[in-house]
Amino acid sequence: MDRYLVFGHPVRHSKSPFIHTLFARQTQQELEYGLAEPAIDEFARALRTFFDQGGKGCNVTVPFKEQAFTLVDCLSPRAKRAGAVNTIKLTDDGVLLGDNTDGAGLVADLKSHGVTLADSRILLLGAGGAARGALAPLLAELPSELVIANRTHAKAQQLAAEFCDLGHVTAQTYEQLAGSFDLVINSTSASLQGELPPLAPALIHTDIAIYDMMYGASDTAFISLAKQHGARQTMDGLGMLVEQAAEAFTVWRGIRPGTKQVLRELKRNLGVI
């Protein structure tokens, strides 16, 4: 039976085995999917061992995505742009292909919620790996402007410069932010600690959509803030998790699984519904 893994540290909390098991059942694919939590300095060896022993593909999560980028034999265009790899496939000719499905998963989830990206004004909070992975797919949807805001302004400026060839993308400090945005995406890890990015609540209005890449059994701090200030629509990252997994499954198996029922089952598993 074909074997797949998710590598991370920590990774015991991962819902990837749950998701991919449901995808395999739905598409009648014979595979098994497990967890791997190597020590931080043992990832390269663990990755090689997995594929040497017949592994077919894997997902890669924190903190190994940037390291995976350097370990594969070739990169997809979106992995090159993201500077990180979250999906690896062993091709039929023995090549390790590195891909990044995070941004595609985000865009797919936004669209599933009916969010219009074309000609919209988007604010992206954070300038780390999650933001980097999201930028190219977001800009491919042709927003009128995409603004990056980050605590360290220089990082936001660097990121904007790297992606300016794909569309109208600028960097601003949190203090500089002004005007009306159609969509705000929080890619920072603040919600993991129950904290908030330093966004002025005045920027949240009744016709805005708010997206937090983090998720949990209850609202994140950022989503709670958005609801308190009357945001029209709020979304967490659970759908992105399922959509990026579906994209990875398609890379591996050449068949696209449906995501709606799997997302419902995941929410039930987490106690969200």
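This structure is a prediction, so every number in the text was calculated from the model and none was measured. Along the sequence shown, residues are numbered consecutively beginning with 1.
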Applying side chain to side chain contact (heavy atoms under 4.5 Å, CB included) to L199 and L123, what does each step give before you reach the verdict? CA-CA 11 Å; L199 181 72; L123 172 59; 3.8 Å; yes
Could you walk me through whether E30 and R253 pass salt bridge (Lys or Arg N to Asp or Glu O under 4.0 Å), step by step? CA-CA 10 Å; E30 294 274 337; R253 309 300 293 186; over 6 Å; no
Quick one, L75 with V85, criterion side chain to side chain contact (heavy atoms under 4.5 Å, CB included). Give me CA distance, side-chain angles, the key distance, then yes/no. CA-CA 8 Å; L75 295 161; V85 161; 3.6 Å; yes
Do the side chains of F222 and T188 get nearer than 4.5 Å, heavy atoms only? no
Check: I204 main-chain N/O paired with H229 side-chain donor or acceptor under 3.5 Å: no
Any chain of hydrophobic side-chain contacts (each under 4.5 Å) joining F181 to M235? no
Compare every heavy atom of M240 with every heavy atom of D109, then report the nearest pair and how far apart it is. OD2-N, 3.3 Å
Take D119 and S144 through the side chain to side chain donor-acceptor pair (under 3.5 Å) test and state the conclusion after the steps. CA-CA 4 Å; D119 297 321; S144 61; over 6 Å; no
Heavy-atom nearest pair, F23 first then G258, reads CE2-O, 3.4 Å
Between Q244 and T101, is a side chain to side chain donor-acceptor pair (under 3.5 Å) present by the stated rule, with each step listed? CA-CA 5 Å; Q244 66 81 25; T101 66; 3.2 Å; yes
Residues V11, T61; criterion side chain to side chain contact (heavy atoms under 4.5 Å, CB included); working and verdict: CA-CA 8 Å; V11 79; T61 188; 4.2 Å; yes
With the threshold set at 4.0 Å, does a side-chain nitrogen-carboxylate oxygen contact exist between R48 and E42? no
Is there a donor-acceptor contact under 3.5 Å from the side chain of N86 to the main chain of V60? no
Ion pair R132/E66, N-O distance below 4.0 Å: no
Side-chain (H113) to main-chain (V115) donor-acceptor, under 3.5 angstrom: no
Test side chain to side chain contact (heavy atoms under 4.5 Å, CB included) on H9 and I40 and set out the steps. CA-CA 7 Å; H9 192 101; I40 302 299; 3.8 Å; yes
Check for a donor-acceptor pair, side chain of D236 on one end and backbone N or O of M214 on the other, with a separation under 3.5 Å. no
Under 30°, 30 to 60°, or over 60°: which ring-plane class applies to W252 and Y4, parallel, tilted or perpendicular? tilted
Do any N or O atoms from the side chain of Q67 and from the backbone of F43 form a donor-acceptor pair under 3.5 angstrom? no
Using modelled atom types and a 3.5 Å cut-off, is there a donor and acceptor pairing between side-chain atoms of D182 and backbone atoms of R121? yes
Apply salt bridge (Lys or Arg N to Asp or Glu O under 4.0 Å) to residues K80 and E162 and explain how you reach the verdict. CA-CA 12 Å; K80 287 180 182 177; E162 286 184 40; over 6 Å; no
Given 3.5 Å as the limit, does a donor-acceptor pair link the side chain of Q261 with the main chain of L22, or not? no
Testing the basics here: between A127 and N150, what is the closest heavy-atom pair and its distance to 0.1 Å? N-OD1, 3.3 Å
Just do the side chain to side chain donor-acceptor pair (under 3.5 Å) check on D212 and T220 with the steps written out, would you? CA-CA 8 Å; D212 194 337; T220 67; 2.8 Å; yes
So, is the end of the R81 side chain (NZ or CZ) under 6.0 Å from the ring centre of F163 and within 45° of the ring's axis? yes
Has T27 got a side-chain atom pairing as donor or acceptor with P257's backbone, closer than 3.5 angstrom? no
Would the distance check show the side chain of R232 and the main-chain N or O of T206 forming a donor-acceptor pair, the cut-off being under 3.5 Å? no
Short side-chain to backbone donor-acceptor contact, H20 and Y33, under 3.5 Å: no
Salt bridge present between D219 and K227 (N-O < 4.0 angstrom): yes
